[in-house]
Asks: 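Pasting in a structure now, in structure tokens, and then I'll have a few things to ask.
In the text below, chain A, chain B and the rest are named by the order of the sequence lines, each starting its count at 1. All values below come from the heavy atoms of this structure, side chains included, with hydrogens, waters and symmetry mates left out.
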2 protein chains.
Amino acid sequence: MKPINLKKLAQELNLSVATVSRALNDRYDISQPTKDRVRALANKLNYEPNPYASSLRRQKSKTIGVVIPEVANHFFSLAINGIEEVARGNNYHVLIYLTHEDYQRELAMARLLASGRVDGVLLSVASESEDFGHLEFLRERGIPIVFFDRVYDEMPTAKVTTDDFESGYKATEHLLEAGCRHIAHLTVSQNLSIGRGRKEGYIQALADHNIVFDESLVLVSAQETKAQEIARIQQLLATRPEVDGIFASVESQATNSYEACRNLGRSIPGDIKIIGFSNLEIASLLQPALTTITQPAYSIGKEAAKILFQAISKNRVISPAQSLVLKSELVVRASTLGS
Amino acid sequence: MKPINLKKLAQELNLSVATVSRALNDRYDISQPTKDRVRALANKLNYEPNPYASSLRRQKSKTIGVVIPEVANHFFSLAINGIEEVARGNNYHVLIYLTHEDYQRELAMARLLASGRVDGVLLSVASESEDFGHLEFLRERGIPIVFFDRVYDEMPTAKVTTDDFESGYKATEHLLEAGCRHIAHLTVSQNLSIGRGRKEGYIQALADHNIVFDESLVLVSAQETKAQEIARIQQLLATRPEVDGIFASVESQATNSYEACRNLGRSIPGDIKIIGFSNLEIASLLQPALTTITQPAYSIGKEAAKILFQAISKNRVISPAQSLVLKSELVVRASTLGS
DNA sequence: CTGAAAGCGCTAACAA
DNA sequence: TTGTTAGCGCTTTCAG
């Protein structure tokens, strides 16, 4: 019932606490017989060292924090998978924090993490965040940060992202080649690097195909309910009947577009072609199968974590030069079938 | 750069460390002016208390552990959402551990959690687990556990589940009423309560409709790759051409069945009707729309966490009587359209 | 090779 | 109302 500690082991073995500690940590200056004796008893009694005592003493928490907007989302849950994998490999623990895209929460979490609770942070910024003082603060406190996917560009640390501009370009070009001439762009907050990058790719592709960019065809997600988001898409489609293509910058907007089209009786890909950033495993089972730009979410999490652990273990500051840009993949399916 | 601690605050204010600590904890025996002075400086210097020192002293970690099979799964990510919500409301932190359905990992994690790292655990057991000594061990160490969805029945603690038997019954009955006579049941390890419960519901429904239960129509998932799972389903369908309905006990098996049917050229719901346990938001966008049994995943997480925090805050042992059985919902869509 | 002692940062008795 | 002291469980000098 009561947790067992070094003192108890030491008493039982007629050794000092220090020796027991060293034996369990496999220090060179302890004799093999003693180590064996200590380990045997520790095993027998199922001794588990108190992590907080150890953290306090060593000034190392063996824990990282992961701050993400949400978890009920394929991209982030795959990323967590990658992160957890690396963390476990390093005998680290993972604290998870969800901002729900709320700047205030992100700020509060950053403060909490500045206390020594974690040895490092992996973060994907909330769409509401415009000020980043809280993240600077974390850094000033000596907590290494690696950003993934949604980054705060100005901070001189590593960022693991995907080729947003190129992907936005490719997606748009794909629609153009499929015959679209009036492409709506559903995007996220332009505070976010991913939102900006993808949109710029979209604009550039239009320009390269001599299509005038029309700002009124850009719909920025407003963090509303699903029903509201769908309603906004329907409104856009209703007022702009010439729209023949939709480029959705995030997964939910692609599926919301499906619903909007269905509600309006527009056929996909006949009337409107749709492409979306998505990590949905079952994109191919949709009606019709959804053409996607798929990000290597698992790898993003994994690589970001690797960079962080390198910094933690070597006790070195992270350089922006360690940043990684992974490639997203265009997977063509029925929703953009050429006319 | 260097973390600031109570000592530094105390020096700066010409107070004792104890007084500063009490002021920050808003103790009644500190004068208002002192409290104000202390808080002002703490704010100015962005003081954050060292959580591990505090944990060590108070023997409370303000942290819970969540152990689940995987996160890239709608059910679990929604549950985490609910858990995180409640944890944040209680000013608690959430450590996350993924077993990947591996018993060895679950065992290792249980050991780690027995060290005082967490004040309580929320757990959904791995399908491989047959022995539960590691969980008993946790409990013996005084760590309260609440199970959710996949429970270890024998342990006298609270469990938050859904009405698996009834849902399995309803799902099967729905297929029978749609005209199916040869219903395959794709399920998970029968070590799992959810696997057993749903299957028993299936068997009972068959019996009540005078259909002989045929064990060879039951396919137990073997934790393989997606391609392998699909292949196994195809094999079943090929060798048993009379199968006209599939009841999938977990989400992945439903979508895998779609792929299997597509590969074999079987039409849904014409040749084969499919119903599946699923928390897919976009079940209605599938081709054809998937009839589902949908579990209240978010609520499950939330309620399980609530029970845990009640126990933690009142320092009371959790009683099995606090268990909750939530209702799943049958949502009829095109994949089971009557013939 | 092992032990004694100090101390990580905080909180809680006990004094004053 | 505040200070002094001890100690949570562990690691790490420093001695021997």
Side-chain angles (χ1 to χ4, degrees), chain A residues 2-39 41-42 45-63 91 112-119 141-142, chain B residues 2-39 41-42 45-63 91 112-119 141-142:
Chain A
K2 282 186 69 180
I4 124 142
N5 55 27
L6 283 187
K7 203 159 124 197
K8 236 170 278 179
L9 291 182
Q11 280 171 353
E12 200 108 346
L13 293 162
N14 277 318
L15 286 171
S16 74
V17 174
T19 303
V20 176
S21 168
R22 279 182 288 220
L24 290 172
N25 288 315
D26 202 16
R27 291 294 240 282
Y28 70 96
D29 55 0
I30 298 292
S31 73
Q32 197 55 49
T34 307
K35 281 186 186 171
D36 292 343
R37 269 192 345 123
V38 171
R39 296 232 189 89
L41 185 66
L45 300 184
N46 286 311
Y47 168 73
E48 286 294 329
N50 182 312
Y52 297 137
S54 172
S55 292
L56 183 57
R57 183 60 235 246
R58 297 210 226 220
Q59 303 287 44
K60 252 200 182 260
S61 65
K62 285 270 172 190
T63 304
N91 287 314
L112 284 176
L113 292 174
S115 59
R117 188 181 289 279
V118 296
D119 297 339
R141 280 287 208 266
Chain B
K2 283 187 65 179
I4 122 139
N5 55 24
L6 283 186
K7 203 158 125 197
K8 236 172 277 180
L9 290 181
Q11 280 170 352
E12 199 108 347
L13 292 162
N14 276 319
L15 287 170
S16 75
V17 173
T19 304
V20 177
S21 168
R22 280 181 288 217
L24 290 172
N25 288 316
D26 203 17
R27 291 296 239 283
Y28 68 98
D29 56 358
I30 298 292
S31 75
Q32 196 56 49
T34 307
K35 281 185 186 171
D36 292 343
R37 265 188 353 119
V38 171
R39 295 231 188 89
L41 185 66
L45 300 185
N46 286 311
Y47 169 73
E48 287 294 329
N50 182 312
Y52 298 136
S54 174
S55 292
L56 182 58
R57 184 61 237 246
R58 297 210 224 222
Q59 303 286 40
K60 262 215 171 242
S61 66
K62 286 271 173 187
T63 304
N91 287 314
L112 284 176
L113 291 174
S115 59
R117 188 180 290 277
V118 296
D119 297 339
R141 280 288 208 266

Asks: Okay, side chain of A:Lys35, backbone of A:Arg27: is any donor-acceptor separation there less than 3.5 Å?
Replies: yes

Asks: Using side chain to side chain contact (heavy atoms under 4.5 Å, CB included) as the criterion, point out the one residue from B:Val20, B:Thr19, B:Val17 that pairs with B:Leu9.
Replies: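 That would be B:Val20; it is the only one of B:Val20, B:Thr19, B:Val17 passing the side chain to side chain contact (heavy atoms under 4.5 Å, CB included) with B:Leu9.
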
Asks: Write down the distance between CG (A:Leu13) and P (C:dT2), rounded to a whole number of angstrom.
Replies: 12 Å

Asks: Tell me, do A:Leu45 and A:Lys8 make a side-chain contact under 4.5 Å, heavy atoms counted?
Replies: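 No, too far: nothing below the 4.5 Å cut-off.
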
Asks: Are more than 12 heavy atoms, taken from residues, nucleotides or ligands other than A:Lys60, located less than 6.0 Å from that residue's NZ atom?
Replies: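 Correct, the count exceeds 12.
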
Asks: I'd like a list of close polar pairs between nucleotides 12-16 of chain D and the protein, N/O only, cut-off under 3.5 Å.
Replies:
unit_1, atom_1, unit_2, atom_2, d
D:dT12, OP2, A:Arg27, NH2, 2.9
D:dT12, O4', A:Arg57, NH2, 3.3

Asks: Could you check how far CZ of A:Arg117 sits from C1' of C:dG9, rounded to whole Å?
Replies: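 From A:Arg117 CZ to C:dG9 C1': 14 Å.
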
Asks: Below 4.5 Å, heavy atoms only, C-beta onward: do B:Tyr47 and B:Leu6 meet side chain to side chain?
Replies: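 In short, these two side chains touch, coming nearer than 4.5 Å.
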
Asks: Whole angstroms only, please: what is the NZ-P distance between B:Lys7 and C:dG7?
Replies: 9 Å

Asks: Using a 3.5 Å distance criterion without hydrogens, assess whether the side chain of A:Arg22 forms a donor-acceptor pair with backbone atoms of A:Ile30.
Replies: no

Asks: So does A:Asn50 get a side-chain nitrogen or oxygen closer than 4.0 Å to the phosphate oxygens (OP1/OP2) of D:dG9?
Replies: no

Asks: Give me the residues of residues 28-39 of chain B where at least one heavy atom lies under 4.0 Å from an atom of DNA chain D, by number, or none.
Replies: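 Close to the strand are B:Asp29, B:Ile30, B:Ser31, B:Thr34.
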
Asks: Just the rounded figure in Å: distance from C1' of D:dC10 to NZ of A:Lys60.
Replies: 17 Å

Asks: Roughly how many Å is it from CG in B:Asp26 to P in C:dT11, rounded to a whole number?
Replies: 13 Å

Asks: What's the CD-P distance between A:Gln11 and C:dA4, to the nearest Å?
Replies: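 About 13 Å, once rounded to whole Å.
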
Asks: Taking OP1 and OP2 of D:dT11, is either one under 4.0 Å from a side-chain nitrogen or oxygen of A:Gln59?
Replies: no

Asks: Between C1' on C:dG7 and CG on B:Leu6, what's the gap in Å once rounded to a whole number?
Replies: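 Those two atoms, CG and C1', are 15 Å apart.
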
Asks: Check whether any side-chain heavy atom of B:Arg117 lies under 4.5 Å from a side-chain heavy atom of A:Thr63, and answer yes or no.
Replies: yes

Asks: State whether A:Arg58 and A:Asp119 are salt-bridged, where the test is any N-O pair (Lys NZ or Arg NE/NH1/NH2 against Asp/Glu carboxylate O) under 4.0 Å.
Replies: no

Asks: Has A:Tyr47 got a side-chain N or O lying under 4.0 Å from the OP1 or OP2 atom of D:dC10?
Replies: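 True: A:Tyr47 side-chain N/O within range (under 4.0 Å) of D:dC10 OP1/OP2.
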
Asks: Who are the side-chain hydrogen bond (donor to acceptor under 3.5 Å, both in side chains) partners of A:Arg57, not counting sequence neighbours?
Replies: none

Asks: Let me know the distance between CG of B:Leu56 and C1' of D:dG7, rounded to the nearest Å.
Replies: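 Distance check: B:Leu56 CG to D:dG7 C1' gives 9 Å.
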
